[in-house]
Every structure is written in C-alpha cells, then in structure tokens.
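Everything below concerns the one structure shown next.
Labels below follow one simple rule: chain letters A, B, ... track the order of the sequence lines, proteins then strands, and each chain is numbered from 1. Keep in mind that what you see is a predicted model, and the values were worked out from it rather than measured.
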Amino acid sequence: ILNVEQSPQSLHVQEGDSTNFTCSFPSSNFYALHWYRWETAKSPEALFVMTLNGDEKKKGRISATLNTKEGYSYLYIKGSQPEDSATYLCASAGAGSYQLTFGKGTKLSVIP
Amino acid sequence: GAGVSQSPRYKVAKRGQDVALRCDPISGHVSLFWYQQALGQGPEFLTYFQNEAQLDKSGLPSDRFFAERPEGSVSTLKIQRTQQEDSAVYLCASSAEVQAYEQYFGPGTRLTVT
C-alpha cells in the first residue's frame, strides 16, 4: 500500500503571491504521479501526469516537478489569482496497478 | 465532448435505507473506477471495472456495498442499509486505458446519512 502525504493541509495567500505545495510518496514500485485541481461542486481536473525522474511540466502559471528517487513532487503556482482557489490533490500509481492512491490534498485560498 | 457525469449530485438517506449512485463514463472508456472520499480524507479506491468485468473490489468497505457495470458503460454503486459512516463523496472516474495513466473524474455524489 502506498502512503501519499501532502503539505501544507491548507494555505492562504494574497493575490499575486507565488506559492508551492509538496507531495511525498513511496519511491518503490513507482509508476506515475498525478496532480488534480478540485474546485467546490466541480469535477477534479487533471493538471499533470508525470512518470520520469526529473520530469518538469508546465501549464500556464502552474508547474510541477518530480523526483522519483526520493519520492516527492512539488506543485508551483506563480502569481496566484482568486480563480486558483481550490483543493490540489496528488495521487500515485504503482507499476502494474490501476489504482490511484491519493493524498488528503492542499486547500488553497487566494485572497483578492 | 461530454465528461463523466454522476447522479444524483446530492443524496440524503435515513440510516437503514438503500441508495443507488449512478455514473456515466466518457463514451468508449474501457476502465471505470469508484472512489470514496470521507470528510478530511483523500479519495480512497473502492472498485475497478474493465468493460463489464469487475476486476477488483478490494476497496469496498463491507458487503453492504455492491457495484455493477452490466453493459460496460454506465455503472451503479449500491449501498444497502446505509450507516452514518457511509456519509462521504463518492467519485467515479473513467479511463481510455487499462493502466491508470489518466483518469477523468465526475463531480461526485455527496451522500449524507442521517
């Protein structure tokens, strides 16, 4: 069983600030790391899927990095906007597995 | 195109009632997953279908939980004799692939058992 941990649990930032969150996961038998953004009353939206050590992905103001050897991923948001307010979930998948094991999420609130 | 849809979006049940939660996956998606998110927790895997075959039901918390996908498209998660601990958001996800490379989620059904 994979244990995925996310920190911080919640975060309040001012509009325009940059911020980052951490996701840690067991590095053994690793296959893929997923980041989702989940706004209230909406479907979780896939942000990134990363598989290779050293992967870096970017989507607009949001980017993510992956270190599979030490078992962590960072999600960065540059110049936070109120519409970035959401819960950010990371999930890990093991090799040969179809299950995603999720962390508890980081709840981001961006104050205008 | 249409995403994953779930119905109802909200359900209030009295303890002991049976409930049925529906998931309409993206058309043509082979894989379908159910997850349960209790308050303050991350989503937890319940069960997995590949087409109509339920290949893994190891996450179902008790024999009161039953899932089916008879024609390999729409799926129903049924909970019999609901208990307060069943209160949670139930998420459905589908994937075009067998390996969990990308899963597309519905908005969830929030079940409250009173």
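Neither the backbone nor the side chain of A/Thr87 comes within less than 4.5 Å of any heavy atom in chain B. For B/Gln37, the part sitting under 4.5 Å from any heavy atom of chain A is the side chain, from C-beta outward, and nothing else. Contacts between A/Ala91 and chain B at a heavy-atom distance below 4.5 Å are absent for every atom of the residue.
Note that CD of B/Glu97 and OG of B/Ser31 are 8.5 Å apart. Values are rounded to the nearest 0.5 Å. Distance check, rounded to the nearest 0.5 Å: CD of B/Glu68 to CD of B/Glu52 gives 12.5 Å. One finds the OH atom of A/Tyr72 at 12.5 Å from the CG atom of A/Leu33 (value rounded to the nearest 0.5 Å). Between the NZ atom in A/Lys58 and the NZ atom in A/Lys78 there is a gap of 6.0 Å [rounded to 0.5 Å].
A perpendicular orientation is assigned to the rings of B/Phe45 and B/Tyr35, their planes being inclined by more than 60° (bins at 30° and 60°).
Between the side chains of A/Ser18 and A/Tyr76, no donor-acceptor pair of N or O atoms lies under 3.5 Å.
Comparing B/Gln50, B/Glu44, B/Gln41 by heavy-atom pairs within less than 4.5 Å of chain A, the highest count is held by B/Gln41. Chosen from A/Gln9, A/Gln6, A/Lys42, the residue pairing most often with chain B at heavy-atom distances under 4.5 Å is A/Lys42.
Every residue meeting the side chain to side chain donor-acceptor pair (under 3.5 Å) condition with B/Ser58, not counting sequence neighbours, appears here in chain and number order: B/Asp56.
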>> Please determine whether salt bridge (Lys or Arg N to Asp or Glu O under 4.0 Å) holds for the pair A/Lys57 and A/Asp55, giving the CA-CA distance in whole Å, both sets of side-chain angles, and the decisive distance to 0.1 Å.
In response: CA-CA 7 Å; A/Lys57 296 211 171 179; A/Asp55 254 355; 5.1 Å; no
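Contact record, A/Phe30 with A/Met50: CZ-O, 3.9 Å, taken as the closest heavy-atom pair. Here the closest non-hydrogen pair linking B/Pro25 and B/Arg69 is CG-NH2, 3.9 Å. In this structure, B/Pro61 and B/Leu46 approach most closely via the heavy-atom pair CD-CD2, 3.8 Å. Residues A/Trp38 and A/Ala86 come closest through the heavy atom pair O-CB, 3.6 Å. Between B/Trp34 and B/Cys23, the closest heavy-atom pair is CZ2-CB, 3.5 Å. Smallest separation of non-hydrogen atoms from A/Val4 and A/Ser92: CG2-CB, 3.9 Å.
Interface with chain A: from residues 73-94 of chain B, residues B/Val89, B/Leu91 qualify, criterion being any non-hydrogen pair under 4.5 Å. Below 4.5 Å, heavy atoms of chain B meet heavy atoms from A/Phe102, A/Gly103, A/Lys104, all part of residues 102-112 of chain A. Proximity to chain A at a heavy-atom threshold of 4.5 Å picks out B/Phe105, B/Gly106, B/Pro107 from residues 105-114 of chain B, in numerical order.
Judged by distance alone, the side chain of A/Asn67 and the main-chain N or O of A/Lys69 form a donor-acceptor pair under 3.5 Å.
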